[in-house]
Amino acid sequence: MLARTIAAAVQGIDAIRVEIEVTVDWGSGFLVIGLPDTAVKESAERVRCAIKQAGYKFPGKKVMVNMSPADIKKEGSAYDLPLAIGIMAADEKISTERLDRYMFMGELSLDGSLRPVKGALPMAILARELKLDGFILPRANAMEAAVVNNLNIYGVDNFTQVVQFLNGDISLEPTVVDTRAEFAKAQGVFPYDFADVKGQENVKRAFEVACAGGHNILLVGSPGSGKSMMAKRLPSIMPPLTLSEALETTKIHSVAGKLQQGTTLMTVRPFRSPHHTISPVALVGGGSFPMPGEISLAHNGVLFLDELPEFNRSVLEVMRQPLEDRIISISRAKYSTEYPASFMLVASMNPCPCGYYGHPKKKCVCNEYQRTHYMSKISGPLLDRIDLQIEVQPVDFDQMSSKAPGEPSAAIRQRVIAARMLQERRFKDEPGIHCNAQMTPSLLHKYAEPNAAGLEKLKDAMERMNMSARAYDRILKVARTIADLEGTADVLDHHIMEAIAYCFVDGRVIIETIHSNFRFRTMSVKFRIVINTVFLKNHFLFNF
């Protein structure tokens, strides 16, 4: 007899239909065709034991399984459940009446219990698109899949329950999740808050600007100055995820198997912090079995690279294209796939190998060559894609011991949200553009042209620091964001001045490699003054 069950395979972050055809005929053996991987081929013993635990006998005949479409590789152990159901149906042990109305996915253990699988959310979305009556999967994945409305999600504990349900002996209760209520309830809960940060007002301001416009940011400072500590608090001031962003982010983490059991939707923007020994494939994704990399897991969130010069140069260079296109295309001999990669890059580094160049109290032991070599580990094209570059100075004792709390994240977040709402209205007719960091040159001319005084300041700064055309664009983007935070329609000269002040590394590297040591020391001090200048009504008290 021939029996068919419906399953799914994940490609990229979406699922495609897989039809499993099973025949039980005279002979012996167990054969699976349709490009199964080793985990699928090994399913025979898991299925055999699960059927036995359910009180049935495995067919003593030849079992032939075809997984269609046959030209797509089937990977993983999630096909155990549909295989077992198909075998019992072909052996006439269970009713086939409802087989074509449900999707089945799940890994079987030897005692017949079901273990969680990866990619339950995109599979559930596919099941709804196929207009199936329901999706039967392990209970551990039920909450994740139940995010999809207009589809019955049945979480089961073991294979026996599935058999009894298909035979009509028991009924299963669908898992119900009020997606919008759960989403709204969990938002705004963060483990870290900027109220705990003492001092560092200039860095907080830079983070506020970065989050308001979706800009990448680089922190340069000595060890212990608080770079990592402040970076971990970034999600608490970023705009909340929209429902569509949360769904897309959850799909990526579901495919990668990174969701915790019982999770519905991700409500907090992801914060990924890979170690500097990471490989290019682990960062961008791919591999023998294609999986999202760290830049895709950071989609709609933050990718934090601590100790940036310690990363392999080839690892850093593969980020250049995703930073521009906000999508990563992976092409191999046997497959080609795309993963979204719209993330905010936050990087930190020491100013020199010893870490104390520019420190107010500790002496740097590095020479000029060592400092230049250390900074040059980061390529110019990559730096050109980082909009804000700021020096982080250590906090003095008086600030550190102060009992007065800093400004809470909630207050900063409200200003960021207000600025983002301005940008949403501005770019509502621009497809693919959602924030200032994504503006094209044509949009810059349309929305970020500075006034005459600001244009003169920008010209002076670019000539002094020999900046690139991309640096010109990003200064205008940052200035536009600063104006949005201030609620100003026009980009004024003090907005340009503040944006220029966030070019710390650009000025240092260029001057260090082109000008004399005296010229470098003079400008280096000048830049430190700019970066640490106190704000007065959000204006910099500095003139070139």
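Remember, it's a predicted structure, so these values are computed and weren't measured experimentally. Residues take their numbers from the sequence shown, with the count starting at 1.
Other residues, nucleotides and ligands contribute more than 12 heavy atoms inside 6.0 Å of the NZ atom of Lys377. Within a 6.0 Å radius of NZ in Lys232, other residues, nucleotides and ligands contribute 12 heavy atoms or fewer. Within a 6.0 Å sphere centred on CD of Gln260, heavy atoms belonging to other residues, nucleotides or ligands number 12 at most. More than 12 non-hydrogen atoms from other residues, nucleotides or ligands lie less than 6.0 angstrom from CZ of Phe427. The environment of Met421 atom CE is sparse: at most 12 non-hydrogen atoms of other residues, nucleotides or ligands sit within 6.0 angstrom.
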Tyr502 vs Ile482, test: side-chain contact (heavy atoms from CB on, under 4.5 Å). Steps then yes/no.
CA-CA 12 Å; Tyr502 297 128; Ile482 296 168; 4.2 Å; yes
Given side-chain contact (heavy atoms from CB on, under 4.5 Å), test Glu338 with Ile330 step by step and report yes or no.
CA-CA 6 Å; Glu338 287 187 348; Ile330 300 169; over 6 Å; no
Can Leu323 and Leu382 be said to form a side-chain contact (heavy atoms from CB on, under 4.5 Å), step by step?
CA-CA 9 Å; Leu323 282 170; Leu382 180 60; 3.8 Å; yes
Verify side-chain contact (heavy atoms from CB on, under 4.5 Å) between Ile16 and Ile72, making sure each step is shown before the conclusion.
CA-CA 10 Å; Ile16 61 171; Ile72 295 177; 3.1 Å; yes
Applying side-chain hydrogen bond (donor to acceptor under 3.5 Å, both in side chains) to Glu248 and His299, what does each step give before you reach the verdict?
CA-CA 9 Å; Glu248 186 177 33; His299 180 63; 3.0 Å; yes
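A donor-acceptor contact shorter than 3.5 Å is absent between the side chain of Gln321 and the backbone of Val318. A donor-acceptor pair under 3.5 Å is formed between the side chain of Thr249 and the backbone N or O of Glu245. Between the side chain of Gln200 and the backbone N or O of Ser225, at least one donor-acceptor pair lies under 3.5 Å. In this structure, the side chain of Asp325 does not engage the main chain of Ile327 through any donor-acceptor pair within 3.5 Å. Judged purely by atom type and a 3.5 angstrom limit, Asn300 has no side-chain atom pairing as donor or acceptor with the backbone of Leu241. Side-chain N or O atoms of Ser254 include one that pairs as donor or acceptor with a backbone N or O of Ala120 at under 3.5 Å. Side chain of Thr250 to main chain of Leu265: no donor-acceptor pair is present (N/O by atom type, distance under 3.5 Å, no hydrogens or angles). Judged purely by atom type and a 3.5 angstrom limit, Arg128 has no side-chain atom pairing as donor or acceptor with the backbone of Ala124. Of the possible polar contacts, one joining the Gln423 side chain to the Ala212 backbone as a donor-acceptor pair under 3.5 Å is found. Here the side chain of Lys227 pairs a donor or acceptor atom with the backbone of Gly221 at under 3.5 angstrom.
Two residues are said to be in side-chain contact when any heavy atoms from C-beta on lie closer than 4.5 Å; Leu476 and Ile496 meet this criterion. Residues Phe271 and Met238 have side chains not in contact (no heavy-atom distance under 4.5 Å, counting atoms from C-beta outward). Using a 4.5 Å heavy-atom cutoff, the side chains of Met349 and Ile378 are in contact. By the 4.5 Å heavy-atom criterion applied to side chains, Tyr447 and Arg426 are counted as neighbours. Counting heavy atoms from C-beta on, the side chains of Met344 and Leu303 never come closer than 4.5 Å. A 4.5 Å side-chain heavy-atom check between Met123 and Asn141 finds every atom pair outside the cut-off. For the pair Leu316/Leu308, a side-chain contact is recorded, criterion being any heavy-atom separation below 4.5 Å from C-beta on. The side-chain heavy atoms of Tyr374 and Cys366, taken from C-beta on, include no pair separated by under 4.5 Å.
Annotation for Gln389 and Leu383: closest pair NE2-O, 3.3 Å, computed over non-hydrogen atoms. Pairing each heavy atom of Pro381 with each of Arg385, the nearest pair is O-NH1, 2.7 Å. In terms of heavy atoms, Ala146 sits closest to Ile153 at CA-CG1, 3.8 Å. Scanning both residues, Ala499 and Val478, for their nearest heavy atoms gives CB-CG1, 3.8 Å. Pairing each heavy atom of Ala246 with each of Met266, the nearest pair is CB-O, 3.3 Å. Summarising the geometry of Ser296 relative to Ile328, their closest heavy-atom pair is OG-CG2, 3.7 Å, with the distance given to 0.1 Å.
Asp193 CG to Asp196 CG: the interatomic distance, rounded to the nearest 0.5 Å, is 6.0 Å. In this structure, the separation between CD1 on Ile475 and CG on Asp387 is 10.0 Å, given to the nearest 0.5 Å. Atom SG of Cys211 and atom CZ of Arg413 lie 10.0 Å apart (nearest 0.5 Å). Summarising the geometry, atom CD belonging to Glu391 is positioned 11.5 Å from atom CG belonging to Leu218; distances are rounded to the nearest 0.5 Å. Here OH of Tyr472 is found 8.0 Å from CG of Leu444. Values are rounded to the nearest 0.5 Å. Rounded to the nearest 0.5 angstrom, Ile237 CD1 and Phe194 CZ are separated by 4.5 Å.
By the 4.0 Å N-to-carboxylate-O rule, Glu407 lies too far from Lys204 to be salt-bridged with it. In this structure, Arg480 does not pair ionically with Glu449, as no charged nitrogen and carboxylate oxygen lie closer than 4.0 Å. A salt bridge is defined here as a Lys NZ or Arg NE, NH1 or NH2 lying under 4.0 Å from an Asp or Glu carboxylate O, and Lys477 with Asp473 fails to meet this definition. Between Arg420 and Asp484, none of the side-chain N atoms (NZ, or NE/NH1/NH2) sits under 4.0 Å from a carboxylate O, so this pair counts as no salt bridge.
When only modelled atom types and interatomic distance are considered, Glu317 and Ser379 share a side-chain donor-acceptor pair under 3.5 Å. There is no side-chain donor-acceptor pair under 3.5 Å between His253 and Glu144. No hydrogens or angles considered: a donor-acceptor pair under 3.5 Å links the side chains of Asp306 and Ser228. Using modelled atom types and a 3.5 Å distance limit, the side chains of Glu368 and Gln370 yield no donor-acceptor pair. Side-chain atoms of Asn312 and Ser314 include a donor-acceptor pair closer than 3.5 Å. In this structure, a donor-acceptor pair under 3.5 Å is present between the side chains of Glu486 and His495. No side-chain donor from either of His494 and Glu498 sits under 3.5 Å from a side-chain acceptor of the other.
For Ser273, the side-chain hydrogen bond (donor to acceptor under 3.5 Å, both in side chains) test picks out no residue, with sequence neighbours left out. Applying the side-chain hydrogen bond (donor to acceptor under 3.5 Å, both in side chains) criterion to Thr481, with sequence neighbours excluded, gives His215, Asn436.
Using a 30° and 60° split on the angle between ring planes, His373 and Tyr369 fall in the parallel class, below 30°.
Seen from the ring of Tyr357, Arg371 counts as a face-on cation partner, given the 6.0 Å and 45° thresholds.
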Show every donor-acceptor pair shorter than 3.5 Å between a side-chain atom in residues 277-284 and any protein atom, with sequence neighbours excluded, or say none if there are none.
residue, atom, partner, partner atom, Å
Thr277, OG1, His275, ND1, 2.9
Ser279, OG, Ala282, N, 3.2

